[in-house]
Amino acid sequence: MQVAVVTGAGRRLGRHIALSLAEKGFDIVVHYYSSKSGAENTVKKIKQLGNRAIAVKGDISNISDIHRIFQRIVKTFGRVDVLVNNAGIWEYGEADKMTLENWNRTLTINLTGSMLFTREVIPYMKKQGGGKIIIITSTAGQRGEAFHSHYAASKGALISYVKSLSTELAPYKILVNSVAPGWVDTEMNDEVFSDLNYKEQIRESIPLKKIATAEDIAGPVLFLASDLANHITGEILNVNGGSVLCG
């Protein structure tokens with residue numbers, strides 16, 4: 001049985017990614033930081049499918065936490081076939097008013113956290129002869145995003161990270177790709193979407209006239225994790241309803 005680790009899987013998007021992978025036969029490591037009840041519920045649903053699953057809590061920017069998490073993963077499952085770096089934050093920040101604290105928090109969680117999880121999993125994947133790393137980025141990392149420059153910078157850096165790792169790790173049969181969503185109806189956007197008029201404006205601006213659901217993002221992640229994507233590495237798979245045409 002293959003094993004997938006999904007960070008931030010106690011919340012809506014990570015939960016759907018974890019469940020989609022479980023439905024295709026993966027055992028799942030459900031990582032969370034603050035959403036304990038959500039993580040436990042995800043584990044419960046996965047076990048109902050007949051798969052093994054554990055919930056692990058940890059700060060993705062804390063090296064000791066990550067090392068502890070992987071020790072438990074290896075002790076429980078003995079391997080890691082897929083890592084999905086999904087955990088992240090999105091905060092408002094005007095460029096001339098942004099504090100160093102705001103900037104560092106976003107870069108630390110979104111960028112450094114993904115790097116630390118990835119760095120930890122690489123030796124295991126090398127030893128077992130391969131694996132897949134999938135990083136959730138954003139169209140903001142490709143085109144920028146006004147009033148969220150720190151977020152865009154973190155996601156843009158992750159896109160370059162994906163491309164760099166893809167060639168470095170290819171000799172070890174470790175495939176590294178990204179799914180880059182546009183607007184998604186998840187907890188991260190609940191506050192801005194509480195303005196229904198604004199939400200409707202966003203929906204109308206998308207060529208497909210639909211704001212992505214968590215399921216819409218989970219599908220492409222599942223594709224990259226599957227054998228159908230065994231000759232794909234270094235790619236940024238855009239999932240934005242046609243609103244940002246960049247590849």
Side-chain angles (χ1 to χ4, degrees), residues 1-88 108-136 158 161-162 165 168-169 172-179 218 221-222 224-227 229 233:
M1 188 78 76
Q2 289 191 308
V3 178
V5 179
V6 183
T7 68
R11 303 182 73 184
R12 197 177 305 159
L13 178 54
R15 184 182 310 127
H16 280 285
I17 291 172
L19 289 171
S20 293
L21 289 166
E23 287 170 357
K24 294 301 180 180
F26 284 85
D27 289 334
I28 307 293
V29 177
V30 176
H31 162 268
Y32 72 98
Y33 177 61
S34 59
S35 305
K36 182 179 180 180
S37 60
E40 290 176 343
N41 185 50
T42 303
V43 168
K44 180 180 179 181
K45 289 183 177 180
I46 291 168
K47 287 183 176 179
Q48 288 173 346
L49 293 171
N51 304 64
R52 295 182 297 167
I54 58 171
V56 292
K57 179 180 180 178
D59 178 352
I60 64 173
S61 64
N62 184 295
I63 295 173
S64 297
D65 276 11
I66 293 174
H67 186 61
R68 170 183 52 78
I69 287 169
F70 273 90
Q71 284 184 319
R72 185 179 175 198
I73 292 170
V74 173
K75 182 178 180 180
T76 304
F77 297 112
R79 62 186 297 116
V80 179
D81 299 281
V82 174
L83 168 64
V84 182
N85 281 314
N86 165 71
T108 298
I109 293 174
N110 292 358
L111 177 58
T112 306
S114 290
M115 182 279 289
L116 291 174
F117 247 92
T118 300
R119 187 182 69 175
E120 193 75 18
V121 81
I122 289 171
Y124 296 107
M125 289 185 172
K126 283 183 175 180
K127 185 177 181 180
Q128 69 194 27
K132 294 184 177 180
I133 298 169
I134 302 163
I135 299 180
I136 306 300
L158 282 173
Y161 184 59
V162 165
L165 289 185
E168 180 177 339
L169 299 179
Y172 304 97
K173 297 182 180 179
I174 300 172
L175 309 183
V176 188
N177 293 290
S178 168
V179 171
V221 172
L222 178 59
L224 290 174
S226 75
D227 289 342
T233 194

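Reckoned from all heavy atoms, side chains included, excluding hydrogens, waters and symmetry mates. These numbers come from a predicted model, not from an experiment.
- Atom OG in Ser35 sits 10.5 Å away from atom NZ in Lys57 (nearest 0.5 Å).
- The two atoms that bring Ala55 and Tyr32 nearest to each other are CB-CE2, 4.1 Å, heavy atoms only.
- Side chain of Thr7 to backbone of Asn86: a donor-acceptor contact under 3.5 angstrom is found.
- Closest approach of Ala4 and Leu21 over heavy atoms only: CB-CD1, 3.8 Å.
- Closest of all the heavy-atom pairs between Asn85 and Leu83 is ND2-CD2, 3.7 Å.
- At least one side-chain heavy atom of Leu169 sits under 4.5 Å from a side-chain heavy atom of Lys126.
- Residues Val162 and Ser178 share a closest heavy-atom pair of CG2-CB, 4.0 Å.
- By the 30° and 60° cut-offs, the orientation of the rings of His31 relative to Phe117 is perpendicular.
- Looking only at side-chain heavy atoms (C-beta outward), Met125 and Tyr172 stay at 4.5 Å or farther from each other.
- Taking all atoms of both residues into account, the shortest heavy-atom contact from Ile135 to Ser114 is CG2-OG, 4.5 Å.
- The shortest side-chain heavy-atom distance between Leu158 and Leu111 falls under the 4.5 Å cut-off.
- Here the side chains of Arg68 and Arg72 are not in contact, with every heavy-atom distance at 4.5 Å or above.
- When side chains are defined from C-beta on, Ile60 does not count as touching Leu116, because their heavy atoms never get closer than 4.5 Å.
- You'll find the side chain of Ile66 stays beyond 4.5 Å of the side chain of Arg119, heavy atoms only.
- Under a 3.5 Å cut-off, the side chain of Thr42 and the backbone N or O of Ala9 do form a donor-acceptor pair.
- When every heavy atom of Gln128 is checked against every heavy atom of Arg79, the shortest pair comes out as OE1-CB, 3.4 Å.
- A donor-acceptor distance shorter than 3.5 angstrom exists from the side chain of Asp81 to the backbone of Val3, with no hydrogens or angles considered.
- Proximity of Tyr124 to Ile73: side-chain heavy atoms (C-beta onward) are nowhere separated by under 4.5 Å.
- For the pair Leu224 and Leu175, the minimum side-chain heavy-atom distance is 4.5 Å or more.
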